[in-house]
Amino acid sequence: MPNLQIIVSIPLKMDIPKQYDPKQAEQHHYTRWEQAGFFAPEINRNPDAPIFSIAIPPPNVTGSLHMGHALQHTMMDVLTRYKRMCGYRTLWLPGMDHAGISTQLMVTRELKKERLSRYDLGREKFVERVWRWKEESGGQITKQMRREGASVDWSREKFTMDEDLSRAVREVFVRLYEEGLIYRGNRIVNWCPNDQTVLSDLEVQKDPQSGKLYYLQYPLKGSDKRVTVATTRPETMLGDTAVAVNPNDERYQNLVGSTLLLPLTDREIPIVADEFVDPEFGTGAVKVTPAHDPNDYDMGQRHNLAQVVVIDAHAKMTADAGADFAGLDRYKARERVIERFEDLGLLEKIVDYEFSISKCERCKTVLEPLISLQWFVRMDQLKDLALGLLAKEGKPRFIPEPYEKVYTNWLENLRDWTISRQLWWGHQIPAWYTAGGEMVVARSLEEARQKAGTDDLTQDPDVLDTWFSSALWPFSTLGWPEQTRDLETFYPTSVLITARDIIFLWVSRMVMMGMKFIGREPFADTYITGTILDPQGQRMSKTKMNGVDPLEVFDKFGVDATRIMLASVGSTDVRWNEKQVESYRNFANKIWNAARFCLLNSEGATVDPTSLSATKAQLALHDRWIISRLNKTTRDLHSAIGGYDFHDAVQTLYHFFWDDFCDWYIELTKSDVTSEEQTTQRDVARTRLVTVLEQALRLLHPFMPYITEELWQRLPGVDSKLLHSAYSGASATIMLAAYPESREELIDDRAEWEMQLVIDLVTRVRNIRSEMNIKPGERVPVFVSAPDEQLRQVFNASADQIKRLVRASELRIESEASAPKASARAVLAGGAEVAVPLEGLIDFEQERQRLGREQEKLRAEEAKLHAQLSNPNFVDRAPAEKVNELRTRIADIAQRTSQLQQTVENLQ
RNA sequence: AGGCACGUACGUCAAUGGUAGACGGCUUCCCUUACAAGGAAGAGGUUGGGGGUUCGAAUCCCUCCGUGCCUACCA
């Protein structure tokens, strides 16, 4: 472990600014955490520690941080930090994807500025150049992840083009090939004329398009009849090799088998019958172009039709399109075909038509379906592995659950995967060809030479789809095909957190490859995050320029505020709302100032967890109460985080800290804590206060790592003793402190009930003060009457605090009401009443109205409950527990009502 | 075209079939020595419309309206 400067400052009386400055806190801690090795699993010294691991969805090397990353990373970091504090041996493995097309485009664009093309450089020089680009400008995102506070183990950072990962890629390729699951073949594929490469179905973007439907007439041979076909792409008619009709279509039945004269060419083409044809659409007759349309390709296979290629890889017409068209751009050719048909009188009509068009996901060029020689992965066996895993073991478990169906539906209808790409940047396909055209597939050139028995080999120029290496990510990053310790220890990973748009591209493929090569699932759970939309509800995108830059949000509100806001999003789509972050910024400030108060009153105190487990009898109500609340909060947090309910976890933390701890506990303990005299009682109170804060900081840490570390380091008495036992020997840091455990015996429902009585009393008095316009500074006498002795005891025990919180000049607690008539009153639970004498101040009419409103509320509620209870069916069929609950409530309301009635009468 | 979501306060979102909440905003009052990025109190909802199941529906079912997303081989 490197020798490090410990940035622990314990300035008891030093100035603590009134406002939290996130930049200051974000400055040092990350570097220290990273350098001290806190992120690496090796920090855990417990050989029997349970394992928690996540492989990050590798961001593109070309990418920079966007809101989607920030969202996913936050959730992964929350889980990782949480598990680490729970004592798990924790690995969150970072890395990047080489992102074939994007990266190649990026560098190509750079070259263009130098008026060069990649061909000018040649393959080798070009790839060198990409590497150089990667070293110099790639991987911006890794710096940004450090800013996020992501507790990834940088010592294990991977890149999909690293030698070891590339080796895994070749190994998988060779094995799949040898099993016949990878094959090379001529198929119709999605071709991008701009990028000059094939794309898989998943990289195709379908865009709605308003275009035209052209009705073309083809003359029937030996007749003056014509058959009309409808098409959106007239230029492809030059490659037609048939016209198809539905076999059951009576209009055409007698024409099946006859021959058409294909206009503009000298070809004759048959009319075939095929179930695929929808008689309802267009004319019911379809032109068939096997070389330029996927459906027609299939039809061509069924009917043994010739493939006439009329469009080339640059989307220009070929020589086979005829002298009239050869060399023309596809759209130019379309115009000319239409002109010719019109001249020939064979153009029946043109109608407007809405359809969808296939575009390249990256460059938005309209794709051209072309027949070409490519590599494919056969999916039938692989998809069965994935489906079998789900059926037998229920893995991966999808959260939220409905995605499971999306996943299975897709798997069930899976087609073969086109894995070759005509790019230079990527994993070159490990296939070599001899001069004689013989092919060998091998793990290396040496192996290929051996297999081929010659050194005269040429490697296949294509590279693999980027998603091919991504599919291996969960195990290739751990050293596979070597049986490494990491692989044994951290595979399968615990959970995958990702966005829903790559369920098919990535999630399913990892499952298939994991099952195929390791025999186990790559991750147990899959958590699909929601999407952050722009304020108008639109998807954020570069082209729309409506993205919100997380780094700017960090600058404005701090990393912690942004993180906890993102965590609260959970798995639903939300519109971006800066106000939300602002409110969590305020929360951070609240934490800061609560700590500030504790620190300014911390002399004589020291963090001491045992101070929160003293026996009940020794403690005041507010102490028993906050301990109970703390333990309940802790319990709820374990369950929320364990169930990936990030939203609930955040709400729980927020309310515990702000409402319970700040609004009530600090106020209630203030008299003890701020006492001028240095007494044991004061030290004990201070210790307890600072310890509750310390526990709260631990609970908050996974969500807000910076502010919690910053404050934790300043607490009196924090040292490595507070770390989880698995981290003995490490220097003091909150990120290795034990995450609090909930202790059932410290949950005190009685204390919570009593405290609620006090809170209600205080709130009622404040209400009266506010409604009666009593100046905040003015002290007034307060009379509490409670016939129930228990209640009086509760109020008496907290009398001092109550007095202070309601700013009472005196507080009388009696069994019977003795307040003067001219008092404002409010009814409390258990037949108790509180009164504030307002001689001369009270407006009887106003007071009557106020009480009237109160009565109205009670009456409405009572009526509702009464209606329910008087329904015999309810009493009969609802569970007895529910019925009793209702009876209790109605009794309570009845008591309040009569009490209130009394109060109103007393007003006279 | 099919499939899947969603529709709750002014806004953004919560709520195992059992008293509809939070945060922001809004109103009133307060710079009360942790915090005005704060405190106290308050107003605000027939849960998109209609129907059904149930003792009981924001929640389950049907239907209509509206909005998103995904899939698809209709030329």
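Throughout, protein chains are lettered first and strands after them, A, B, ... in sequence-line order, and every chain is numbered starting at 1. Just so it is clear, the model here is predicted, and its values are computed rather than measured.
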Undergrad: Starting the side chain at C-beta, find the nucleotide from B:A75, B:A22, B:A40 nearest to A:H655.
TA: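 Per side-chain heavy atoms of A:H655, the pick is B:A22.
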
Undergrad: To the nearest angstrom, how far is A:Y403 atom OH from B:C4 atom C1'?
TA: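 Rounded to whole Å, this separation is 9 Å.
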
Undergrad: If you check every side-chain atom of A:E771, which of B:G42, B:U71, B:G18 has the closest atom?
TA: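 The listed nucleotide nearest to A:E771's side chain is B:G42.
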
Undergrad: Checking contacts here: which listed nucleotide (B:U19, B:C13, B:C74) is nearest the side-chain heavy atoms of A:R575?
TA: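 Taking heavy atoms from C-beta onward, the closest nucleotide is B:C13.
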
Undergrad: Got a salt bridge between A:D293 and A:K287, using NZ or NE/NH1/NH2 to carboxylate O under 4.0 Å?
TA: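 Salt bridge flag = no for A:K287 with A:D293.
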
Undergrad: Using a cut-off of strictly less than 4.0 Å, decide whether A:K206 has a side-chain nitrogen or oxygen near OP1 or OP2 of B:C73.
TA: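 Affirmative; the distance criterion is met.
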
Undergrad: Which of the following nucleotides, B:A72, B:A34, B:U19, is nearest to the side chain of A:K864?
TA: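 Output: B:U19.
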
Undergrad: Name the nucleic acid region contacted by A:R889, choosing base, sugar-phosphate or nothing; use a 4.0 angstrom heavy-atom cut-off, strictly under.
TA: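 Here A:R889 touches the bases of the nucleic acid.
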
Undergrad: What's the CG-P distance between A:N767 and B:A40, to the nearest Å?
TA: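 Nearest whole value for this atom pair: 13 Å.
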
Undergrad: Would you please classify the geometry between the A:F355 ring and the A:Y353 ring as parallel, tilted or perpendicular, with 30° and 60° separating the classes?
TA: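 Ring orientation, 0 to 90° scale: parallel.
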
Undergrad: Both distances under 3.5 Å, Watson-Crick or G-U wobble: report the partner of B:C69, or none.
TA: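 Its partner is B:G3.
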
Undergrad: Between the side-chain atoms of A:R766 and the base atoms of B:A41, is any donor-acceptor pair under 3.5 Å?
TA: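 There is none.
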
Undergrad: Both A:D659 and A:C662 contact RNA chain B. Which one's nearest nucleotide lies toward the 5' end?
TA: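 It is A:D659, whose closest nucleotide lies nearer the 5' terminus.
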
Undergrad: With hydrogens left out and only the distance checked, is there a donor-acceptor pair under 3.5 Å joining A:Q19's side chain and the base of B:A34?
TA: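 Looking at the base of B:A34, it does not pair with any donor or acceptor on the side chain of A:Q19 (distance under 3.5 Å).
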
Undergrad: Is there a side-chain contact between A:K405 and the phosphate of B:A5, meaning an N or O under 4.0 Å from OP1 or OP2?
TA: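 Result: no.
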
Undergrad: Which nucleotide, if any, forms a Watson-Crick or G-U wobble pair with B:A37, using both distances under 3.5 Å?
TA: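 WC or wobble partner does not exist here.
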
Undergrad: Can you tell whether the side chains of A:D534 and A:R575 come within less than 4.0 Å, N to carboxylate O?
TA: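 Result for this pair is no, no salt bridge flagged.
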
Undergrad: Quick one: on RNA chain B, does A:V875 or A:L865 contact a more 5' nucleotide (nearest heavy atom)?
TA: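 Residue closer to the 5' terminus by nearest nucleotide: A:L865.
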
Undergrad: Taking donor-acceptor contacts at under 3.5 Å, does the side chain of A:K18 reach the base of B:C35?
TA: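 Checked by distance alone, the answer is no.
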
Undergrad: What is the separation between atom CG on A:N589 and atom P on B:G24, rounded to the nearest whole Å?
TA: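 The answer, rounded to whole Å, is 13 Å.
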
Undergrad: Return the pairing partner of B:A57 with a 3.5 Å limit on both distances, Watson-Crick or G-U wobble; otherwise return none.
TA: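 Partner of B:A57: none.
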
Undergrad: Please determine, for the side chain of A:P776, which listed nucleotide (B:C13, B:C69, B:C29) has the closest atom?
TA: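 So the nucleotide nearest the side chain must be B:C29.
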
Undergrad: Only pairs with both distances under 3.5 Å count, Watson-Crick or wobble alike; so what is the partner of B:A22 in this structure?
TA: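 The base-pairing partner of B:A22, which may sit in any strand shown, is B:U12.
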
Undergrad: Give me the ring orientation class for A:Y665 and A:F661: parallel if the planes are under 30° apart, tilted from 30 to 60°, perpendicular past 60°.
TA: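 Taking A:F661 first and then A:Y665, their aromatic rings lie parallel (interplane angle under 30°).
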
Undergrad: Within a radius of less than 6.0 Å around CD of A:E412, do more than 12 heavy atoms belonging to other residues, nucleotides or ligands occur?
TA: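 Atom CD in A:E412 is crowded, with more than 12 foreign heavy atoms closer than 6.0 Å.
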
Undergrad: Where the side chain of A:R807 is defined as all heavy atoms beyond and including C-beta, which of B:A41, B:U12, B:U32 is the nearest nucleotide?
TA: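 Minimum distance to the A:R807 side chain belongs to B:U32.
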
Undergrad: Counting heavy atoms from C-beta on, name the nucleotide in B:U71, B:G11, B:A75 closest to the side chain of A:Y353.
TA: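 Closest nucleotide among those given: B:A75.
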
Undergrad: Give the nucleotide from the list B:C35, B:A75, B:G24 with an atom nearest to the side chain of A:Y654.
TA: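 The answer is B:G24, which lies nearest to the side chain.
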
Undergrad: Counting neighbours of CZ on A:R302 that are heavy atoms of other residues, nucleotides or ligands and sit closer than 6.0 Å, is the number greater than 12?
TA: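 Above 12, so yes.
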
Undergrad: Is A:N586 near enough to B:G38 that one of its side-chain N or O atoms lies under 4.0 angstrom from OP1 or OP2?
TA: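 Yes, such a contact exists.
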
Undergrad: With a 4.0 Å limit, can you tell me whether A:T231 has a side-chain N or O closer than that to the phosphate oxygens OP1/OP2 of B:C74?
TA: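 Answer no for this pair, as no side-chain N or O of A:T231 is under 4.0 Å from OP1 or OP2.
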
Undergrad: My understanding is that a pair needs two contacts under 3.5 Å, Watson-Crick or G-U wobble. By that rule, which nucleotide pairs with B:A43?
TA: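 Pair assignment: B:A43 / none.
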
Undergrad: Between A:E368 and A:R330 (salt bridge meaning N to carboxylate O under 4.0 Å), is one present in this structure?
TA: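 Yes.
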
Undergrad: Indicate whether OP1 or OP2 belonging to B:G17 is found under 4.0 Å from a side-chain N or O atom of A:K882.
TA: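 Checking B:G17 against A:K882, no side-chain N or O comes under 4.0 Å of OP1 or OP2.
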
Undergrad: For B:U32, give its Watson-Crick or G-U wobble partner with both distances under 3.5 Å, or none.
TA: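 Answer to the pairing question: none, since B:U32 forms no Watson-Crick or G-U pair.
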
Undergrad: By nearest atom, which of the nucleotides B:C35, B:A14, B:C73 is closest to the A:N593 side chain?
TA: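 The answer is B:C35, which lies nearest to the side chain.
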
